[in-house]
Asks: 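I'd like to ask some things about the structure below.
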Amino acid sequence: MPSPLASPATTEDPSFAELLAQRPQLTAHAQDGLCLEDVPLARIAAEVGTPTWVYSAGTLRRRFRALRDALAAAGLNSTIHYAMKANDNLAVAGLLAKEGAGADVVSEGELRAALAAGIPGNRIVFSGVGKTAAEIRLALEHDIFQLNAESAEEVETIAALAEGMGRRAPVAIRVNPDVDARTHAKITTGKAENKFGVAIADAAALYARMAALPGIRPIGIAVHIGSQITEGLSAYRVAYTKVADLVRELRARGLPVERVDGGGGLGIPYRDEIAPLPEALAGALAAGLGPLGLPVMIEPGRWIAGPAGVLLSRVVLHKRGATRRFAVLDAGMNDLMRPALYDAWHGLVPVAPHQFHAPLSPAEVVGPVCETGDTFARGRHLPELAPGDVMAFLDAGAYGAAMSSTYNARPLAAEVLVDGHRWAVVRSRQPVEDLLARQSVPDWLLG
Ligand SMILES: *Cc1c(COP(=O)(O)O)cnc(C)c1O
């Protein structure tokens, strides 16, 4: 079975009009060209330069509220903990904080970012397979809502650290339910062979052990089966049923369970995938976990932030190779890594109005980085392109800027937030000097 992220070569790509029709935050204006909300993207490219990430505040709010409302409509007492790793920009997290979101963090940096964005510790879940002692201490100092422990070894570490601080750490066990979320192999996390979580068969004994440790307050069970889940709602159902059975077993043993954490992973359509709606996820949660009568948490990242962002990039040059034409952009795999890492397909739309209706022909769309993997699209139907033309990669709001690197000594791109007709730079472009500023050459080499 092909990866749902790969583009099947047999069917035609969606047209520009079809891509925009599915994305109400983006419109094509006869004069202003491609607009995100009420702001022409050409204006941002002109004033901020390229490459630049641009996020739609309205889309972030709309999607957060859609999830919240779907959970409420399914009768769940629930909280949403936005997965910071999808997009940890302070403006994005701060906007979601104002909507009432908690956070799911996986490092000290993300914990500090969530706190700086105005999300208090008592709304933050700390996940991750390798939390350091310093990170666990920091989390406890900030009265973390929940630590998701991923192993028996980690439980002992947390217990010792918390006891040393005179605290009881609120710990949930992340179980590995051994289900296949049927997503890309690099982002499936709930199979027995993956590094994540405690085998579900071992979870009850570990939970009992936690209840006996003075440094630990056993909170509940967490599960996260993968990311960009589109066809795998049945995987969610299986996972939630296994978690519910486990909770019943814990209760039968007289162990306290305060809440359950259903994780993240809800997928979005990048090309033409049929992605489940929040109502479907809420239905799976309600069916599996609802009967427990406990508060339910979820940890979505991509579903909230992905469609809210675009990456603006300029054509550096247009090159005719022996058999193909290449559009070389000023964004590279160091900026948007998903195509190189996951064979991901991103919509790519010209920003200038006259290019919407120009004749199309196949082009290879590549970045400037010295790797063949620095290819964004193959055989993509695009208009004739010239240096300076601005293009927008769609659905780049999640795992875009957050995954960027400075490979090839390319500084991190700027980030902009659009809100109606207003917009602001929310991370300035990294100056090249920054790349050199922290480096030094030892004296003896120069002597
Ligand atoms: C990555 C991750 C998430 C968010 O995944 P999305 O696919 O972006 O929703 C949630 N929880 C955990 C534990 C994760 O590792």
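Reckoned from all heavy atoms, side chains included, excluding hydrogens, waters and symmetry mates. Start at 1 and go down the list; that is how both ligands and their atoms are numbered.
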Asks: Of E150, E108, E154, which is the lone residue that meets side chain to side chain donor-acceptor pair (under 3.5 Å) with K131?
Replies: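 When side chain to side chain donor-acceptor pair (under 3.5 Å) is applied between K131 and each of E150, E108, E154, only E154 qualifies.
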
Asks: Using heavy atoms and a 4.0 Å limit, tell me yes or no: is P300 in contact with ligand 1?
Replies: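 For ligand 1, residue contact (heavy atoms, under 4.0 Å) with P300 is present.
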
Asks: Here's a test for you: under side chain to side chain donor-acceptor pair (under 3.5 Å), which of E37, R23, Q25, R62 qualifies with S56?
Replies: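 Checked E37, R23, Q25, R62 against S56; only one passes side chain to side chain donor-acceptor pair (under 3.5 Å): E37.
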
Asks: Minimum distance, heavy atoms only, to atom 12 (C) of ligand 1: which one of E299, R302, Q228, R174 is it?
Replies: E299

Asks: Which residue from G265, G267, A86 reaches closest to atom 6 (P) of ligand 1 through any of its heavy atoms?
Replies: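 Comparing heavy atoms across G265, G267, A86, the nearest one to atom 6 (P) of ligand 1 lies in G265.
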
Asks: Taking only heavy atoms of A83, which atoms of ligand 1 are found under 4.0 Å from at least one of them?
Replies: 3 (C), 4 (C)

Asks: Output yes when the distance from some N or O of ligand 1 to some N or O of G301 is under 3.5 Å, and no in every other case.
Replies: yes

Asks: Are S405 and N334 close enough that a side-chain donor and a side-chain acceptor fall under 3.5 Å?
Replies: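 No pair is found: no donor N or O on one side chain lies under 3.5 Å from an acceptor on the other.
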
Asks: Is R338 positioned over the aromatic face of Y270, cation under 6.0 angstrom from the ring centre and no more than 45 degrees off axis?
Replies: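 Relative to the ring axis of Y270, which defines the angle, R338 lies inside both limits.
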
Asks: Nearest protein heavy-atom contact for atom 7 (O) of ligand 1: which residue, which atom, what distance?
Replies: S227 OG, 2.3 Å

Asks: Could you tell me whether Y399 approaches ligand 1 through its side chain, its backbone, both or neither, with non-hydrogen atoms closer than 4.0 Å?
Replies: side chain

Asks: What protein heavy atom sits nearest atom 14 (C) of ligand 1, and how far away is it?
Replies: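 The closest one turns out to be K85 NZ, 2.8 Å.
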
Asks: Is T183 reaching over with its side chain to a backbone N or O of S227, donor-acceptor style, under 3.5 angstrom?
Replies: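 Flag set: sc T183 to bb S227 pair under 3.5 Å.
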
Asks: Validate the cation-pi geometry between R259 and F145: distance from NZ or CZ to the six-membered ring centre under 6.0 Å, angle to the ring axis within 45°.
Replies: yes

Asks: Closer than 4.0 Å to some heavy atom of D104 - which atoms of ligand 1 meet that?
Replies: 10 (C), 11 (N), 12 (C)

Asks: Can a donor-acceptor pair be found between the side chains of Y342 and Q228 at a distance below 3.5 Å?
Replies: no

Asks: Is the contact between N148 and ligand 1 made by the side chain, the backbone, both, or neither, using heavy atoms and a 4.0 Å cut-off?
Replies: neither

